[in-house]
Amino acid sequence: MPELPEVETIRRTLCQHILRQTIEDVLIRWPGAVKGWDIFPFEQEVKGRRILSVDRRGKYLLIHLEGDWSLLAHMRMTGRFNFYDEHREPEKHTHAVFTLSNGELHFTDTRKFGRILLVPTGECSNHPSLCILGPEPLEDDFTPKILGERLKRRNAALKIALLDQKVVAGLGNIYADESLFRAGISPLRAANSLSRKELSALHDSIRTLLQAGIDAQGTSFRDYRDANGEKGSFQKALQVYGRGGENCYRCGRPLIKLRLGGRTTVYCLHCQK
DNA sequence: CCTTATGCCTGAATGC
DNA sequence: TGCATTCAGGCATAAG
């Protein structure tokens with residue numbers, strides 16, 4: 001499931017191919033993939049525009065087009081962007097095909113949770129989906145103090161709070177569990193109960209792991225691939241995610257698996273307090 | 001404001 | 001073997 005490091009990797013691999021290319025044709029194969037537009041006006045509005053830049057905000061991809069329109073895309077769990085330099089028949093779950101001057105860009109999503117939005121570029125930062133997002137964890141303005149302020153009003157379990165994009169943008173189930181393990185803090189702790197020292201440790205773990213995830217081109221635990229169809233390698237570095245019942249690499253005791261707010265959570269009772 | 005529940009989806013894995 | 005059930009889970013939305 002694409003979290004911040006995976007979306008960033010998709011962004012980077014897309015940039016290798018689609019910058020300055022013109023979108024010559026658009027085909028929406030499943031209307032549900034486009035939010036807020038009927039498919040005909042969407043296709044007409046996007047067609048003929050050049051791609052100027054590709055940005056990321058949290059788990060959102062922002063594809064800025066000539067003429068002050070931007071495509072916002074969220075991959076949710078199984079969404080993918082694939083670039084092909086020759087014509088390719090769409091797969092079963094390919095919902096959008098963008099024909100570019102130099103190839104094709106396919107948006108494919110088995111589970112159909114992912115969405116593409118078209119908004120005026122000037123309204124991107126004001127768009128409800130983006131403006132509610134918390135700080136970018138890899139930017140300099142994300143500090144332990146900011147993290148503490150974001151968690152201060154929350155009495156819910158820390159893990160739940162970390163998955164809330166209003167607290168920090170870009171964490172999902174994998175990097176949340178990994179960050180908590182690295183920081184040695186239990187996912188069950190009340191979000192507002194962390195000491196200054198613990199906030200620093202958590203802040204450091206979040207940044208270190210997200211950066212390591214990017215450096216490894218993401219985590220391909222199941223479905224994730226970059227825009228070239230390549231897997232990442234960070235799944236090899238995972239300490240707790242997907243390892244419920246197995247032994248902790250640090251202390252050797254079995255890892256606890258439980259459900260927290262509907263999400264599977266894995267942690268070490270001995271190493272995380 | 002905060003918190004919790006529900007719906008959206010398909011394919012792989014599991015149970016009988 | 002085949003059928004039914006469970007699980008994976010990010011986010012919008014509604015209700016408390």
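Residue numbers begin at 1 in each chain, while the letters A, B, ... track the order of the sequences. What's counted below: heavy atoms across the whole structure, side chains too, no hydrogens, waters or symmetry copies.
Nearest nucleotide to the side chain of A/Ala156, out of B/dT3, C/dA12, B/dC9: B/dT3. Taking the side chain of A/Lys35 as heavy atoms from C-beta on, and the options B/dT3, C/dA12, C/dC11, the nearest nucleotide is C/dA12. Here the nucleotide nearest the side chain of A/Arg76, chosen from C/dG10, B/dT3, B/dC9, is C/dG10. Side-chain proximity of A/Lys112 to C/dA8, B/dT10, C/dG10: nearest is B/dT10. Nearest to the side chain of A/Thr110, among C/dA8, B/dT10, C/dC11, sits B/dT10.
Summarising the geometry, the separation between NZ on A/Lys166 and P on C/dT13 is reported as 12 Å, rounded to the nearest angstrom. Protein atom CZ of A/Arg259 is 8 Å distant from nucleotide atom C1' of C/dA8, rounded to whole Å. The nearest whole Å value for the distance from the CG atom in A/Leu133 to the C1' atom in C/dC11 is 11 Å. In this structure, the CZ atom of A/Phe113 is 12 Å from the C1' atom of B/dG11, given to the nearest Å. The CG-C1' distance, from A/Leu163 to B/dA5, rounds to 17 Å in whole Å. Taking atom NE2 on A/His74 and atom C1' on C/dA12, their separation rounds to 11 Å, with Å as the unit. Whole-Å rounding puts the A/Tyr60 OH to C/dG10 C1' distance at 9 Å. Taking atom CZ of residue A/Phe221 and atom P of nucleotide C/dA8, one finds them 10 Å apart after rounding to whole Å.
Two different hydrophobic clusters hold A/Phe113 and A/Leu4 under the rule that ILVMFWY side chains link at heavy-atom gaps under 4.5 Å.
In this structure, A/Tyr241 and A/Pro128 both approach DNA chain C, and ranking their closest nucleotides by distance from the 5' end singles out A/Tyr241.
Using a 4.5 Å heavy-atom cutoff, the side chains of A/Leu199 and A/Leu151 are in contact. Counting only heavy atoms from C-beta outward, the side chains of A/Arg80 and A/Met75 never approach each other to under 4.5 Å.
An OP1 or OP2 oxygen of C/dC7 is reached within less than 4.0 angstrom by no side-chain nitrogen or oxygen of A/Thr264. For A/Arg115 and C/dC11, the shortest distance from a side-chain N or O to OP1 or OP2 is not below 4.0 Å. Between A/Gln165 and C/dC11 there is a side-chain polar atom (N or O) within less than 4.0 angstrom of OP1 or OP2. Within the structure, a side-chain polar atom (N or O) of A/Lys257 is placed less than 4.0 Å from OP1 or OP2 of C/dA8. One finds no side-chain N or O of A/His93 lying less than 4.0 angstrom from the OP1 or OP2 phosphate oxygen of B/dC9.
Tested against A/Phe98 for a side chain to side chain contact (heavy atoms under 4.5 Å, CB included), the candidates A/Leu71, A/Leu27, A/Asp25, A/Ile18 yield a single pass: A/Leu71.
Within 4.0 Å (heavy atoms only), A/Lys159 reaches no atom of the nucleic acid at all. Across all strands shown, A/Thr78 has no heavy atoms under 4.0 Å from either base or sugar-phosphate atoms. A/Lys92 comes within 4.0 angstrom of sugar-phosphate atoms only, judged by non-hydrogen atoms across all strands, and of no base. No contact: A/Asp109 has no heavy atom under 4.0 Å from any strand. No engagement by A/Glu3 is indicated, since no non-hydrogen atom pair under 4.0 Å with the nucleic acid exists.
Ring pair A/Phe181/A/Tyr267: centre-to-centre distance not below 6.0 Å.
Between the side chains of A/Asp85 and A/His17, not a single donor N or O lies within less than 3.5 Å of an accepting N or O.
Contact of A/Arg111 with C/dA8 (side chain to base): a donor-acceptor pair of N or O atoms is detected under 3.5 Å.
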